[in-house]
Amino acid sequence: MPSEWSGAAVDPGGGKPEPRDWQDVDVPGRPAAFAGEDRVAYRTVFDDPRDPDDALALLGLRGLYANAEVWLNDELVAESDAVFDPVRVPFEPDEENELVVECWAPEDRFGGIHDTDRIPASESVPGIWWGVDVTGQPDPFVVDVDLTSRRTDGGAAIDAAVEVYGSEPLDDRLTLTTKPAGDRRGRGMMDRASVTAAAGERGVAEKAIDVRDPSLWWPRGMGAQHRYEVRAKLDDAVRTETTGIATVEQAEDGGIRVNGEDVPVRGVALQDATVQDAERAVEVNANLVRAHAHVLSEDVYEACDEAGLLVWQDMPLTGAGVFDIARGQELAERLARTYAHHPSLAAVGIHDEPTETFASRVGSGLVDRLRFRWRVWRSDYDRGAAEEVAEAVPDGLAVFPVVGEPGTEPDAAALYPGWDYGGVDDLDWVTERYDLGGVVGEFGAGSIPEGVDPADDGFEPAGFDAAKHDAAVGSDDPEASQAYQAELVRGIAERLRTDGAPVVVANGLRDAGAAGMGVYARDGTRKDAADSLATAFEPVQAFLVGASPGECEVVVANDAPESVSGTVTWTVGDKRGETDVTVDAGDRAVVESVSVPDSASSVDLALTVGDATVENTYRL
């Protein structure tokens, strides 16, 4: 990859950008010096990358946000209009080569969360976000290997589309070798496919690879993450791609089925994802990540494949306003095709939060409930456009056309009791009054990390509503702020799980700005809510419903793929009790009723299954 880059803000004008002044920048990246700029050009000069055995070269660009033109040695060689579409340009290098990439901000509604104030301007700079590669290649060579898996009556098949390029006319056969990925041992399968291409043009070879007795990819907690490598060889050129075999269906209740099995989803929303966020999602016991109105990079998808995390991939479309349906349909189809080789891709969301019904907070009294009902009644949203775009998503994925507040007829509800309105107890009132289905696409509350003072001049409030925070928490103290968030996130997550919601997604995993909805700070530091969410998201856990003086039911939720039997122990003051419990796979069961006296300060629950014990403590 070229190591020295320069950048400059430029004006639209057509042709190769040639600004007078350049400044050093890091690529890939989002140079903060250009925060707020609409157009930025990037330039580098690199030597011929070929080894003695190479005849050609391949330029690869990933993550061009949001639109781009690519100029190589004064020639316009590629254009891009979607951050998720990789750019690959075969070329014959000169001794010295100039590469100029001009990127500019979205010109339509499909800029996603990065085209809003929920992401800092410094993180939304038009640029080359994910990667650049310039590699020497033989002639001819394999440009790309595109894979899609499917189940068949005889087992499974991997549909391979291999793109090749050569400087001379091509009429040849390539070899495809398929074998288990990683440390798994297994006999490889060999296939051949014919490919033709005119001189200086690309050709595509297509082949359906039969996989007998396939090893399936499963979400974490339900099985192993088996995958397969497909190696394409054309003469001396080799390229390898990895995929997994898994089927996805949408259940009648809106939930997700993988390989014919219902998956109780415990998810977290990602605001601006990194590879490390996959590790953090595992730490809070999530089995799904939702790419909240933005597109994950190939590296993040790879991390999710390895970790067994399902991906709910949103379209980059959020907020109120109309959008071009045809453009949305095209992007939805391209997005699903681009990431089809990842077995983790399970769902697509179309239009995120299309109304601002609760732009300001509503309280929890009787008059406030009337205000709530008035706002919902006044919500004006036509979901027809989102449904039309949803029809373009290929079969084999769950689809949520609308993720929104009450009043939008959401396919996945955005529920923010304790933040947008009232408190945790208002969850029951809202879900009983409005038909929201069982899928919850987001819930949570914002908080302030340790060491952050909202009064500081450098405070970046992106993604953080200070007015709602002050009304809900009543303090700018980070300790009080995090305590409130931790209790609310835990309370909502527990209630949704004990109610049997098939999909529960917390918003969010990590802050986009200096403070926010994340259970981790922007730099990855854990907040108190990370621990409370991890407890609420334990796959097999005992919950105290209500957690207040009086009679409280103990409910055990079992998200494991098999039935569990064990013992629930409860402790209130100096009183202790226990009961045996058996809960079917994916089920919930009321196993005990605990009498909590007014004088109690806490209730301790412990669930023991075999040699493992999980604990859940309630401070009253």
Side-chain angles (χ1 to χ4, degrees), residues 149-151 156 214-226 244-269 281-282 284-290 304-305 307-313 342-349 390 393 395-401 403 410-413 415 431 436-443 493-506 536-543 555-566 581-591 607 609:
S149 66
R150 53 188 169 88
R151 298 295 298 275
S215 297
L216 303 181
W217 182 96
W218 289 93
R220 62 180 299 100
M222 298 193 70
Q225 288 74 55
H226 296 301
I245 298 172
T247 61
V248 177
E249 304 169 85
Q250 192 153 18
E252 291 185 3
D253 62 1
I256 296 174
R257 294 173 60 85
V258 177
N259 301 327
E261 300 291 333
D262 289 324
V263 180
V265 169
R266 308 178 305 277
V268 287
V282 171
V284 298
N285 289 316
N287 61 1
L288 174 144
V289 295
R290 176 188 168 201
C304 291
D305 288 346
L309 290 168
L310 296 172
V311 174
W312 167 345
Q313 175 61 70
H342 290 288
S344 56
L345 177 60
V348 175
V393 177
D395 294 338
L397 294 171
V399 184
F400 304 109
V403 182
D411 304 278
L415 293 175
T431 55
L436 301 174
V439 175
V440 177
E442 52 188 274
F443 70 91
E494 288 191 355
R495 291 201 181 194
L496 293 173
R497 287 195 68 196
T498 54
D499 287 346
V503 177
V504 178
V505 180
F537 273 4
E538 280 283 355
V540 182
Q541 181 63 287
F543 301 111
V555 173
V556 172
N558 175 23
D559 285 358
E562 64 278 326
S563 173
V564 296
S565 296
V581 58
T582 297
V583 187
D584 292 337
D587 204 356
R588 284 94 178 95
V590 178
V591 299
L607 172 62
V609 177

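The basis for the numbers below is simple: all heavy atoms, side chains too, and nothing from hydrogens, waters or symmetry mates. Starting from 1, each residue takes its place in the sequence as its number.
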Tell me, do [X] and [Y] make a side-chain contact under 4.5 Å, heavy atoms counted?
X: Asp559; Y: Arg266; value: yes
X: Pro343; Y: Ile245; value: no
X: Val282; Y: Leu309; value: yes
X: Val503; Y: Val440; value: no
X: Gln541; Y: Val556; value: no
X: Val258; Y: Thr247; value: no
X: Val403; Y: Arg290; value: yes
X: Thr582; Y: Val564; value: no

### Query
With sequence neighbours left out, what residues match Arg220 under side chain to side chain donor-acceptor pair (under 3.5 Å)?
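Partners of Arg220 under the side chain to side chain donor-acceptor pair (under 3.5 Å) test: none.
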Least distance between heavy atoms, [X] atom then [Y] atom:
X: Ile256; Y: Ala398; answer: CG1-CB, 4.1 Å
X: Pro219; Y: Val263; answer: CG-CG2, 4.1 Å
X: Pro401; Y: Ala390; answer: CG-CB, 3.8 Å
X: Pro502; Y: Gly438; answer: CD-O, 3.2 Å
X: Val583; Y: Asp587; answer: CG1-O, 3.5 Å
X: Asp262; Y: Met222; answer: O-CE, 3.7 Å

Looking at [Y], is its backbone amide N or carbonyl O close enough to the side chain of [X] to form a donor-acceptor pair, meaning the two atoms are under 3.5 Å apart?
X: Gln250; Y: Val248; value: no
X: Arg588; Y: Arg497; value: yes
X: Glu442; Y: Ala413; value: no
X: Asn287; Y: Pro264; value: yes
X: Asp584; Y: Ser563; value: no
X: Asn558; Y: Glu562; value: yes
X: Ser344; Y: Cys304; value: no

### Query
For Glu252, does the CD atom sit with more than 12 other heavy atoms under 6.0 Å from it, leaving out its own atoms?
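Open.
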Nearest-0.5 Å distance, [atom1] of residue [X] to [atom2] of residue [Y]:
X: His226; Y: Leu216; atom1: NE2; atom2: CG; value: 8.0 Å
X: Asn285; Y: Glu538; atom1: CG; atom2: CD; value: 4.5 Å
X: Phe443; Y: Arg495; atom1: CZ; atom2: CZ; value: 12.5 Å

### Task
Test side-chain contact (heavy atoms from CB on, under 4.5 Å) on Val555 and Val591 and set out the steps.
CA-CA 6 Å; Val555 173; Val591 299; over 6 Å; no
### Message
Let's go through Leu288 and Val505 carefully: what are the C-alpha distance in whole Å and the side-chain angles of both, what is the deciding distance for side-chain contact (heavy atoms from CB on, under 4.5 Å) to 0.1 Å, and is it a yes or a no?
### Response
CA-CA 8 Å; Leu288 174 144; Val505 180; 4.1 Å; yes
### Task
Go through Leu310 and Leu345 one step at a time and tell me if the side-chain contact (heavy atoms from CB on, under 4.5 Å) criterion holds.
CA-CA 6 Å; Leu310 296 172; Leu345 177 60; over 6 Å; no
### Query
Under the ring-ring contact (aromatic ring centres under 6.0 Å, His included) test, which residues partner Trp312, sequence neighbours left out?
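Trp312: ring-ring contact (aromatic ring centres under 6.0 Å, His included) contacts with Phe400.
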### Worked verdict on Trp218 versus Glu261 for side-chain contact (heavy atoms from CB on, under 4.5 Å)
CA-CA 10 Å; Trp218 289 93; Glu261 300 291 333; 3.8 Å; yes
